[in-house]
**Student:** 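One structure is given below, represented as structure tokens, and several questions about it will come after.
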Amino acid sequence: GYDSTNWHASLDPSGATILKPNSVLPKNYDIALANPIASGDSVWLTLVNLGKDTVRQTSISLIVGVLDTTAYPIACNLPSHDSLQVSIPLPQNFFGLFPGLAYIVDTLDEQHENDSARFDIATAIPEDSLVINEIMFNPKVGSCQWLEILNLSSRWISMDSTRLLVGESKPDEYSSTLPSLLIPADSFGLISANDSIFSKWPYLNGRNGIISLNKSTLNFGKDSSSVVLHNFDSTTIDSILYHKSWQYSMLTKVFTGISLERKDAAGPSNDQANWQACLDSCTPLAPNSTSTSSLQDTIGPSKTFQASFDPNPFSPNYDAPPAVSTLTVQTGDASTWAL
């Protein structure tokens, strides 16, 4: 009773074990995980046998972000109070910073409070996997600036701890560290200055893939600005130096509330010919109106130039109704114009 090593704070979740066996009594079968180290395509863990019995076989499973793996079997001959380093392969279906959890899956285990170990996995987002896809730099009153990004890869992408660098006079004049944002493969993500975007587009409220920075502005310039996405290790994911003149359109001269859209997601970011004013004012979390990648969905390979009036016939000299008709021109390149 006088030996301090024979005493320990109760491990029971309630804080005590009244009229029950003490929680710190050695179990016959008790395995623990410790010292997780994620490196490359694996995570190293220390498997500790705290029980009286020898551990001959067990299994370990992983949760990486929202991705759960199947149990990974471990064959061993681990005596009581001994330890063993094991390596578990990491899933190769994500980029970015992800939280990881390793946990023991063993029906014989009598103590579950020490069965898990948490760690972080950092895989830099490749430059060709995520692009800046749409920029609202001159919103209408009551809305805010926002930036749409597109995951071109076949993996999940986490934007946690990445940075958005913006500037008119220099590229990194303003810097924002982004919170957690998960973007599935071939999907959109949206970075908004604040929640006023939901007033303008209520259907976005509650949608996944949106983060709000709770700022009055993202500091995009109304004439020109550099926009850069940086990894957590400061490498560049994508960058653009846009100019207001890139929005030029024969349909309008006023571009307040009209976004700047990328035409070809795989095309160069800083090519003026790859950007145009949105034909639908803007398309947050939706395919771009000017996107060449949506050609199959909007027109199809067999369609060519088409033009039609609605209603037809009509009387433009106002001598009989109707006096107004809509001319719709479908150019065959995924662009539809209504005059």
**Student:** Could you tell me which residues satisfy salt bridge (Lys or Arg N to Asp or Glu O under 4.0 Å) with K52, sequence neighbours excluded, listed by chain and number?
**Tutor:** none
**Student:** Without swapping roles, check the side chain of K20 against the backbone of A16 for a donor-acceptor pair under 3.5 Å.
**Tutor:**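 Answer holds: no.
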**Student:** Do you know the tightest heavy-atom contact between S212 and A193?
**Tutor:**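 The answer is OG-O, 4.0 Å.
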**Student:** Would you kindly confirm whether V86 and I104 end up in one hydrophobic cluster when ILVMFWY residues are joined by side chain heavy atoms under 4.5 Å apart?
**Tutor:** yes
**Student:** Between E134 and S259, what is the shortest heavy-atom contact and its length?
**Tutor:**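 Answer, listing the atom of E134 first, then S259: OE2-OG, 2.6 Å.
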**Student:** Between atom CG of N151 and atom CH2 of W156, what is the distance when rounded to the nearest 0.5 Å?
**Tutor:** 10.0 Å
**Student:** Show the numbers, then the answer: is there a side-chain contact (heavy atoms from CB on, under 4.5 Å) between F255 and N138?
**Tutor:** CA-CA 8 Å; F255 298 100; N138 188 17; 5.6 Å; no
**Student:** Should N208 and L182 count as side-chain neighbours, where that means a heavy-atom distance under 4.5 Å?
**Tutor:**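 No, too far: nothing below the 4.5 Å cut-off.
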**Student:** Which one of I197, V166, L218, I135 satisfies the side chain to side chain contact (heavy atoms under 4.5 Å, CB included) criterion with Q145?
**Tutor:**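 For Q145, the side chain to side chain contact (heavy atoms under 4.5 Å, CB included) check succeeds only for L218.
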**Student:** Between S61 and D68, does the side-chain contact (heavy atoms from CB on, under 4.5 Å) criterion hold? Intermediate values first, please.
**Tutor:** CA-CA 8 Å; S61 189; D68 199 353; 3.7 Å; yes
**Student:** Would you mind reporting whether S158 and F94 have side-chain heavy atoms less than 4.5 Å apart?
**Tutor:** no
**Student:** What distance separates N274 CG from S269 OG, expressed to the nearest 0.5 Å?
**Tutor:** 7.5 Å
**Student:** Taking all heavy atoms of Q111 and all of D109, pick out the closest pair and write down the distance.
**Tutor:** O-OD2, 3.1 Å
**Student:** So do P284 and Y203 actually touch side chain to side chain, heavy atoms under 4.5 Å?
**Tutor:** yes
**Student:** Is there side-chain contact between F220 and L147, with at least one heavy-atom pair below 4.5 Å?
**Tutor:** yes
**Student:** Does any N or O in the side chain of N133 come within less than 3.5 Å of the main-chain N or O of E148, such that one atom is a donor and the other an acceptor?
**Tutor:** no
**Student:** Taking I132's backbone N and O only, do any of them form a donor-acceptor pair with R262's side chain (distance below 3.5 Å, no angle check)?
**Tutor:**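 A pair under 3.5 Å: yes.
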**Student:** Can you tell me how far CG of D53 sits from CG of N28, rounded to the nearest 0.5 angstrom?
**Tutor:**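 Rounded to the nearest 0.5 Å, the CG-CG separation comes to 5.0 Å.
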**Student:** Just to verify, which of C144, P179, S192 counts as forming a side chain to side chain contact (heavy atoms under 4.5 Å, CB included) with L213?
**Tutor:** P179
**Student:** Can you check whether L62 reaches F119 side chain to side chain, under 4.5 Å on heavy atoms?
**Tutor:** yes
**Student:** Within the side chain of S225, is there an N or O that forms a donor-acceptor pair under 3.5 Å with the backbone of G167?
**Tutor:** yes
**Student:** Using a 3.5 Å distance criterion without hydrogens, assess whether the side chain of Q247 forms a donor-acceptor pair with backbone atoms of I258.
**Tutor:** yes
**Student:** Taking all non-hydrogen atoms of both residues into account, name the closest pair between E261 and N288 and its distance.
**Tutor:**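 Distance-wise, the nearest heavy atoms are OE2-CA, 3.4 Å.
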**Student:** Report the distance from atom OG of S161 to atom CG of D233, rounding to the nearest 0.5 Å.
**Tutor:** 11.5 Å
**Student:** If you group Ile, Leu, Val, Met, Phe, Trp and Tyr by side-chain heavy-atom gaps below 4.5 Å, do I211 and M136 land in one group?
**Tutor:** no
**Student:** Do S176 and K215 have side chains that approach each other closer than 4.5 Å (heavy atoms only, starting at C-beta)?
**Tutor:**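 A side-chain contact exists here, since the closest heavy-atom pair is under 4.5 Å.
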**Student:** Within the side chain of N194, is there an N or O that forms a donor-acceptor pair under 3.5 Å with the backbone of S196?
**Tutor:** yes
**Student:** Treating Ile, Leu, Val, Met, Phe, Trp and Tyr as nodes and any side-chain heavy-atom pair under 4.5 angstrom as an edge, say whether L97 and I125 lie in one connected cluster.
**Tutor:**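 No: no chain of side-chain contacts under 4.5 Å links L97 to I125.
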**Student:** Would you say K244 has more than 12 foreign heavy atoms packed within less than 6.0 Å of its NZ?
**Tutor:** no
**Student:** Within this structure, what is the NE2-CG distance for the pair H81 and L50, rounded to the nearest 0.5 Å?
**Tutor:** 6.5 Å
**Student:** How long is the straight-line distance from OG1 of T162 back to CD1 of I191, given to the nearest 0.5 Å?
**Tutor:**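 The CD1 atom of I191 sits 6.5 Å away from the OG1 atom of T162.
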**Student:** Inspect the surroundings of CD1 in I18 and state if more than 12 heavy atoms from other residues, nucleotides or ligands are less than 6.0 Å away.
**Tutor:**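 Counting neighbours around CD1 of I18, 12 or fewer heavy atoms of other residues, nucleotides or ligands fall under 6.0 Å, so no.
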**Student:** Kindly determine whether W275 and Y242 satisfy side-chain contact (heavy atoms from CB on, under 4.5 Å), including the steps that lead there.
**Tutor:** CA-CA 9 Å; W275 293 85; Y242 71 80; over 6 Å; no
**Student:** Does the side chain of D106 come within less than 4.5 Å of Y29's, by heavy atoms?
**Tutor:**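 Sidechains of D106 and Y29: in contact.
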**Student:** Hydrophobic clustering (ILVMFWY, side-chain heavy atoms < 4.5 Å, transitive) - are L178 and V228 grouped together?
**Tutor:** no
**Student:** Are side-chain N/O atoms of N77 and R56 paired as donor and acceptor at under 3.5 Å?
**Tutor:**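 Per modelled atom types, N77 and R56 side chains form a pair under 3.5 Å.
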**Student:** Quick one: does S143's side chain have a donor or acceptor within less than 3.5 Å of a partner on V141's backbone?
**Tutor:**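 No: the side chain of S143 does not pair with the backbone of V141.
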**Student:** Do E173 and N219 make a side-chain contact, defined as non-hydrogen atoms from C-beta onward lying under 4.5 Å apart?
**Tutor:** no
**Student:** Under 4.5 Å between side-chain heavy atoms, counting indirect links through other Ile/Leu/Val/Met/Phe/Trp/Tyr residues: same cluster for L45 and L84 or not?
**Tutor:**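 Same hydrophobic cluster.
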**Student:** Minimum heavy-atom separation for I121 to A38, with atom names?
**Tutor:**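 Where I121 meets A38 most closely, the heavy atoms are CG1-CB, 4.2 Å.
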**Student:** When the ring planes of W146 and W201 are compared, do they come out parallel, tilted or perpendicular, using 30° and 60° as the limits?
**Tutor:** perpendicular
**Student:** Shortest non-hydrogen contact from L204 to L285?
**Tutor:**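 For L204 versus L285, the nearest heavy atoms are CD2-CD1, 3.9 Å.
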**Student:** Test side-chain contact (heavy atoms from CB on, under 4.5 Å) on I210 and F198 and set out the steps.
**Tutor:** CA-CA 11 Å; I210 302 177; F198 300 124; 4.0 Å; yes
**Student:** Could you check whether any side-chain N or O of W7 sits under 3.5 Å from a backbone N or O of Y2, counting only pairs where one atom can act as donor and the other as acceptor?
**Tutor:** no
**Student:** Using a 3.5 Å distance criterion without hydrogens, assess whether the side chain of N270 forms a donor-acceptor pair with backbone atoms of L241.
**Tutor:** yes
**Student:** Decide whether D12 and S10 meet the rule of one side-chain donor and one side-chain acceptor closer than 3.5 Å.
**Tutor:** no
